[in-house]
Amino acid sequence: MKTSLTLALAGLMTATALTGAAMADDIVLGASVQLTGTNANTGRYYRDAYQLTVDKINAAGGVKVGDKTYTLKLNMLDNQSDVNLSVRQYVQLVSADKVNFLLGPFASNFALSDSSVAEKYQIPMVQGGGASTQIFSRGYKYVFGTLPPADDYFASTIEMMGKLTPAPKTVALVSADDSFDVSVAKGTRKHLTDAGLKVAVDETYREGASDFSSILTQVKAANVDAILWTGHETEALNFIRQMKGLNVNPAGLSAFTVGVPTADFRKALGADANYAFGMTSWLPDASLKDRWFGDAAQFAAEYKAKFGYDPDYHAASGAADVETFVEAIEKAGTLDPAKVRDAIAGISFDSLYAKVKYGENGQIVLPQVVVQIQDGNMVPVYSTDFMTKPMYPVPAWDKR
Amino acid sequence: MKRLILPLAVLVALALAVLPMVGSDTMVQFGINALLLATLAQSWNILGGFGGYVSFGNSVFYGLGTYGTAIAMTNYNLPFGVGLVIGVILAMTGAALVGLPILRLRGPYFAIATLGLNGAMMAIFSNLPIAGSNIGLVLPLARNDAMFYELALGLLVVCTLTVLWISRSRYGMGLIAIREDEDAAGVMGVNATLWKVSALVLASIFTAVAGGIHAYWSTFVDPASAFDSTLNVRMVIMCVFGGPGTVFGPVIGSFVLSAVYEVLAAQISTAAALLFGFVIVLAVVFMPRGLADVVKGGRAISWRYFIRNIRENRL
Amino acid sequence: MVLAQILLNGILLGGLYGLMALGMALVWGVLNIVNLSHGALIMLGGYTVYYLFTLAGIDPFVALPIAMVVMFAAGFALQWGLLNLVVRSKMLNTLLITFGLDVVLTFAAQLVFTADFRTINPSYAGANFPVLGLTVPVVRLAAFCVAVALAAGVWFLLNRMPLGRAIRATAQNLTAARLYGVNPRKLYAITFGIGAALAGAAGGLYGMISNLTPYMGASLTAKSFVIAIIGGLANPFNVILGGIFVGIAESLTALYIGPTYTDVISFGLLVVVLVVRPKRAVRAA
Amino acid sequence: MSEPLLTIEHLNAGYGAVPVLFDLSLTVNPGEIVTLVGSNGAGKTTLLRALSRLIPAQGTLRFNGEDLLPLAPEGAFTRGLVQVPEGRHLFPRMTVEENLAMGAHLRRDKGVARTLERVYSLFPKMKERRKQLAGNMSGGEQQMCAMGRALMADPKLLMIDEMSLGLAPVIVDDLLAILTDIRAQGIPVLLVEQDVFAAFSVADRAYVMETGRVVREGLVKDLANDPAVVDAYLGAAH
Amino acid sequence: MTAAPQSAPRTVIETRGLTKRFQGLVSVNNVTFQIAEGETLGVIGPNGAGKTTLVNMISGTLTPSEGQVVFEGQVINDVPAFRRAHLGIARTFQVMKPFHGMTVLENVAVGALFGRGAERSMAAAKEKAREWLEFTGLGRRIDANAEALGGPDRKRLEFAKALSMQPRLLLLDEVMAGLNPVEVDEVVDLIKKIRGQGMALLVIEHVVKAIRSLSDRVMVLHHGEKIADGDPTRVLEDPRVIEAYLGKRRT
């Protein structure tokens with residue numbers, strides 16, 4: 001009895017003793033990211049981008065506040081893809097580890113919960129992992145997002161569809177039922193109606209589903225011109241493989257919110273990835289100039305060299321989160337959370353990711369570039385106008 | 001030894017009560033979680049430990065408490081207290097309704113039915129617009145962790161007192177009799193159906209309140225976290241690790257495991273879950289009757305105790 | 001036509017579901033262990049086939065039997081070295097230990113294989129052919145056939161071979177089986193090994209149809225569980241039929257009620273089957 | 001006289017802390033049918049369990065010139081000490097043939113088919129019913145199946161626990177006749193019975209047990225009219 | 001020597017044509033008997049005669065296929081077991097079923113808490129339990145764990161558990177099995193003591209010697225049927241009974 005109580009208390013003590021305080025000349029950025037668990041696959045973009053950017057900034061001399069120079073430090077924990085654990089870890093970061101500012105986790109549902117901690121403790125959080133409008137509709141003051149609003153993900157795709165010949169007339173909209181994808185679907189419905197397109201099939205599936213044969217059969221029967229799909233990467237993978245298996249092939253196009261820009265996705269699907277449309281809020285383009293990396297292309301090269309895989313918009317967005325803090329701190333000339341928060345709200349700078357400027361609700365607005373996989377490569381095809389000629393219409397599976 | 005337990009427990013409770021005034025925020029944070037988990041393990045103990053019915057459906061009541069509170073607070077702007085009450089009423093009704101048919105099942109079939117119930121419940125709530133479907137609900141923000149801490153502590157104390165009462169009352173004797181031999185208990189006059197269903201309902205109350213507190217504290221609920229069957233497995237593990245059917249075993253078991261987990265998570269982040277898995281496996285092999293049984297043996301415990309446990313259960 | 005195609009989808013998928021559940025049902029029926037790490041074994045089987053395919057260039061259908069042998073060995077070792085130590089313990093304890101095992105296997109897999117999702121993607125992965133206006137995906141059809149063939153194999157083993165006879169005898173009356181010289185330790189290990197091998201085959205097929213991640217196990221355990229109960233533990237073909245039943249039920253639910261309701265139906269079915277026919281699952285092999 | 005097949009001397013045995021058998025001695029010679037009778041709870045089944053090495057025991061246990069005590073259940077079984085357990089313990093959802101096959105589970109010799117023929121000739125009814133599920137047969141048929149299964153193991157001593165239990169007298173007579181046939185094939189039998197006169201009608205020698213002890217032993221013809229036997233069942237007033 | 005009935009004693013339990021079939025197998029066939037207040041009925045019969053099934057139907061663990069169980073004038077076929085306990089039917093089990101994880105005292109207290117005239121308070125129930133434990137000679141083991149008891153003490157515990165329910169009818173199922181002669185005598189004494197309490201007793205026993213000395217009447221079951229019922233000495237000399245036990249003499 002007594003021994004076990006002592007044990008429990010000892011455990012409690014250790015749990016708190018382990019977390020040391022920051023050194024005086026450091027600026028500590030705290031983050032709890034999915035390093036393991038179901039979301040780890042995308043979580044690693046944030047892990048790596050945060051680390052790379054912090055190292056890069058330190059190598060360039062750190063952060064100047066007034067006449068003092070600080071070194072950036074990263075305090076990153078693994079939330080194991082567990083929302084509850086991530087909330088606890090953010091509290092630990094804020095209250096015990098006394099980090100100065102917060103970087104975000106991946107995925108909307110995590111950002112949704114975790115940002116509450118930032119708001120509660122009034123420590124600014126800049127996150128590049130959650131795009132759901134839900135995160136930014138709560139009137140929170142301390143939460144900023146570098147992913148564009150989920151509602152508009154398909155806006156550029158739909159715009160492009162109007163300019164294709166023959167232009168698709170009927171559309172199937174398939175979405176997962178989680179926060180991000182419901183936001184996407186809701187916005188997309190509106191965009192589709194505005195563009196005068198007919199939604200012939202509108203199906204929502206359970207997050208994590210692996211079988212899409214029922215939906216695909218209905219899509220096939222409806223004989224739509226285009227499929228707009230939003231969900232998670234693994235689901236996109238299954239969806240495309242099952243499209244082929246069931247010989248579902250809209251003459252127009254099929255477009256996906258996630259997956260297409262990642263190397264993993266292409267690798268997993270092989271030739272079957274071809275012709276798939278996708279989107280990205282970021283391309284490793286030399287035209288995106290950056291104070292530390294030079295430009296986005298150099299960022300991508302360094303990233304690939306260091307981690308062995310290509311960065312995608314998650315990574316760029318994560319890098320922009322770190323840069324946001326540095327710019328804002330230098331502008332505010334202090335580490336005071338409230339002042340830095342105000343500085344973030346009014347910030348505007350060019351980065352490898354985009355021109356960073358947050359809207360009223362704390363979210364950045366960016367157009368999505370439509371991309372397509374052509375012969376195994378991701379090719380940007382449309383932004384405000386065509387960039388490369390899309391391969392269109394899409395040939396049948398057996399004619400590829 | 002035996003006489004010391006109660007005063008010691010009171011002391012520990014008092015010490016825990018002042019923690020928010022002296023401890024760090026993380027400590028409080030960890031405390032809220034540990035206390036809520038302990039409450040869950042303790043309320044699982046009522047039917048599982050005393051009645052011998054292994055439920056994997058207590059997370060249903062946790063979810064109902066969570067959603068009762070969340071729906072009341074977000075959709076109807078009701079105060080937290082009212083939300084809790086609504087959550088509890090939902091959970092109790094649920095417990096009474098499902099208790100009757102599924103408590104007729106025995107052994108693994110009861111356990112499996114409750115597991116299925118949890119899965120079905122999660123799927124149902126992810127389709128309920130009033131519950132925010134699968135997206136979930138965002139609750140208003142309360143910057144008062146000390147309050148959540150004291151609430152959680154209070155709940156655990158009340159729950160433990162209830163279990164203490166059960167362990168010494170006619171009611172508890174009936175439950176234990178059912179656990180040991182349901183037929184014999186019936187022949188001796190125990191109305192097994194009434195006892196089992198009421199135990200489930202009783203457990204549902206504390207479970208639901210814990211869910212409600214957690215919902216308001218974390219400000220966000222969704223079906224996956226509200227009807228999390230691994231949460232239920234954790235309740236079972238913590239209760240069984242500590243000693244099912246004892247008054248303090250589940251509390252100690254969950255404190256110890258929470259601390260172990262927290263330390264592991266802080267120390268070796270990625271391998272924490274892996275090691276936690278090993279802890280469970282080893283615990284089942286070496287101390288199948290829980291910490292309480294180990295402690296009961298006092299100083300006499302040696303490696304022989306563990307060997308004997310293996311002897312008893314191996315093929 | 002849509003309905004016919006959806007029924008076909010359900011049947012083909014259901015066959016694979018049945019195969020997933022088959023190993024679980026066998027272990028449950030004979031050893032009286034509800035193996036919560038079954039999904040993790042499916043996952044390991046999937047990765048085995050994946051690596052045989054990608055690293056050694058072995059065709060996945062050829063790799064399948066190799067993976068089954070590997071998984072058999074793993075299952076045998078697990079039962080012999082660990083689960084036999086607790087097999088007479090309370091049902092709760094066997095549940096807990098297999099849950100712990102599931103955690104260990106899952107996170108070990110994450111450390112070894114990383115969290116990247118993998119697909120087993122041979123050149124014919126998306127092939128299909130038309131029959132009476134329906135589209136039949138080749139890999140799914142093959143998976144279905146493998147599932148039925150393995151069920152037939154299990155049936156043959158159980159009903160026509162001395163080893164299977166001993167397995168059934170042990171399931172029906174452990175005392176009597178011991179009395180006539182059955183060594184239950186070995187037999188339990190073999191049975192668990194067979195269960196793991198079946199899980200391995202299911203994992204390989206699953207990797208060809210869907211994708212592999214270290215975390216895929218949990219939901220597959222739940223699914224196997226539902227099917228094992230609905231199909232009963234006695235006859236391998238019934239387990240496959242149970243899988244087909246669930247596959248069709250899910251497909252129809254997706255069509256008529258909505259794809260977000262499939263879990264309501266499969267878990268609802270589980271509860272209803274248990275409450276209405278509690279004896280259904282009791283009969284073991 | 002040569003050494004008995006089975007020698008039990010000063011045997012004590014029980015379950016955990018509860019002793020059941022006290023200082024018990026018994027022998028079975030080759031070619032004999034020996035019966036052990038006594039009322040319920042006298043310890044007959046416990047003795048069989050001790051012989052099959054399922055429970056610990058102290059004293060002397062020798063079978064076919066070998067010490068049984070250090071052996072595991074499998075060891076006793078493979079040395080030819082085969083038991084037909086009380087309540088038959090068949091595999092209910094297996095056919096008669098499969099049940100019989102289980103009896104020869106450990107045998108690797110070529111004689112299995114011959115043994116099966118022998119069993120079928122002893123129990124022609126089993127041959128008729130060989131495709132039937134054992135659980136669906138009548139009590140008498142189940143007992144035949146259980147005995148046949150034991151014979152399939154090629155026993156050196158056949159031990160039968162409560163053969164007549166719950167069976168109609170006509171059927172018991174059939175079974176008794178078969179016991180004689182079995183003995184004629186050279187297999188000695190240790191028959192544990194409650195039905196004294198049934199047992200006495202085929203046995204050579206008998207032991208009478210009461211509360212864990214042997215209270216009478218001797219040739220059946222001597223014991224048949226011994227009032228002690230009736231006393232062991234119905235109390236001293238007889 | 002039988003106790004001479006004072007006035008006409010009331011019938012406590014009565015069965016009318018009680019029958020139980022298990023999947024076509026008749027376990028108890030058309031058994032009719034009654035036991036009066038203060039009377040002890042011994043039930044004997046070879047293994048598998050249906051004795052325990054009979055007790056199960058009276059205590060409520062089994063439902064009869066046909067016939068009626070009548071307790072104090074009321075047909076109780078559909079009354080669940082726990083309510084029969086409240087009415088005053090108590091039994092012991094052939095395979096003893098002490099509640100593990102409870103002390104001896106608590107085991108007996110369960111009876112006092114849930115039986116006829118149930119105590120609501122633990123203290124009172126434990127007091128009562130203590131009395132019955134003294135009565136059954138188990139006073140010295142009050143705080144032991146139930147599973148720690150040896151054979152004879154377990155029997156005493158079974159008695160105490162049943163008695164603490166204050167039954168009107170007590171069903172004793174083979175309480176002497178596995179006891180040595182000295183212990184059998186102790187149990188016989190105990191039952192004689194219970195007879196003094198005025199309840200109806202049904203005693204199933206194999207030790208016929210004991211039955212003879214205990215019973216007012218003896219009923220013999222064979223293959224589920226009642227083959228004799230009456231004065232112990234006469235019944236035990238009935239050739240049919242002897243044959244049922246020893247088997248028929250073969251030539």
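In what follows, every chain begins at residue 1, and chains take the letters A, B, ... in the order their sequences are listed.
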Peer 1: So which of Val103(C), Leu92(C), Leu83(C), Asp102(C) has the largest heavy-atom pair count under 4.5 angstrom toward chain B?
Peer 2: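 Looking at each option in turn, the highest pair count goes to Leu92(C).
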
Peer 1: Can you tell me which portion of Phe56(B) sits under 4.5 Å from chain C's heavy atoms? Options are side chain, backbone, both or neither.
Peer 2: side chain

Peer 1: Between Leu269(C) and chain B, which part of the residue has a heavy atom less than 4.5 Å away: side chain, backbone, both or neither?
Peer 2: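 The answer is neither part of Leu269(C).
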
Peer 1: Considering non-hydrogen atoms only, spot the tightest contact between Gly268(C) and Ala120(B) and give its length.
Peer 2: N-CB, 4.1 Å

Peer 1: Among Ile310(B), Leu115(B), Asn118(B), Val233(B), which has the most heavy-atom pairs under 4.5 Å with chain C?
Peer 2: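 If we count pairs closer than 4.5 Å to chain C, Val233(B) comes out on top.
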
Peer 1: With a strict 4.5 Å heavy-atom criterion, list every residue of residues 94-101 of chain C that contacts chain B, or say none.
Peer 2: Leu95(C), Leu96(C), Ile97(C), Phe99(C), Gly100(C), Leu101(C)

Peer 1: What is the minimum heavy-atom distance between Leu111(C) and Leu274(B), and which atoms define it?
Peer 2: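 Residues Leu111(C) and Leu274(B), closest heavy atoms: CD1-CD2, 3.8 Å.
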
Peer 1: Look up atom CE in Met91(C) and atom CZ in Arg106(B), then write down how far apart they are to the nearest 0.5 Å.
Peer 2: 13.5 Å

Peer 1: Show me the pairs that pass ring-ring contact (aromatic ring centres under 6.0 Å, His included) and involve residues 163-195 of chain C, at least two apart or across chains.
Peer 2: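 Those involving residues 163-195 of chain C are Tyr180(C)-Phe77(D).
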
Peer 1: Which value, rounded to the nearest 0.5 Å, describes the distance between Phe267(C) atom CZ and Met122(B) atom CE?
Peer 2: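 The CE atom of Met122(B) is 7.5 Å from CZ of Phe267(C), to the nearest 0.5 Å.
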
Peer 1: Name the member of Val86(C), Val271(C), Leu82(C) that forms the most heavy-atom pairs with chain B at distances under 4.5 Å.
Peer 2: Val86(C)

Peer 1: Would you say that more than 12 heavy atoms from the other residues, nucleotides or ligands in this model lie under 6.0 Å from the CZ of Phe113(C), or not?
Peer 2: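 More than 12 heavy atoms, drawn from other residues, nucleotides or ligands, come within 6.0 Å of this atom.
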
Peer 1: Is chain C contacted by the side chain of Val54(B), its backbone, both, or neither, given a heavy-atom distance below 4.5 Å?
Peer 2: side chain

Peer 1: With a 4.5 angstrom heavy-atom cut-off, which part of Ile112(B) approaches chain C: side chain, backbone, both or neither?
Peer 2: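 Both parts, heavy atoms under 4.5 Å.
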
Peer 1: Identify which part of Val281(B) has an atom lying under 4.5 Å from any heavy atom of chain C, answering side chain, backbone, both or neither.
Peer 2: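 Looking at Val281(B), backbone and side chain both touch chain C.
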
Peer 1: Can you confirm whether more than 12 heavy atoms, excluding those of Phe245(C), are under 6.0 Å from its CZ atom?
Peer 2: no

Peer 1: Pull out the residues in residues 257-266 of chain C that come under 4.5 Å of chain B, heavy atom to heavy atom, sorted by number.
Peer 2: Thr260(C), Tyr261(C), Asp263(C), Val264(C)

Peer 1: Looking only at heavy atoms, which of residues 32-41 of chain C get nearer than 4.5 Å to chain B?
Peer 2: none

Peer 1: Among Leu105(C), Val226(C), Leu85(C), single out the residue with the greatest number of heavy-atom pairs under 4.5 Å to chain B.
Peer 2: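 Heavy-atom pair counts peak at Leu85(C).
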
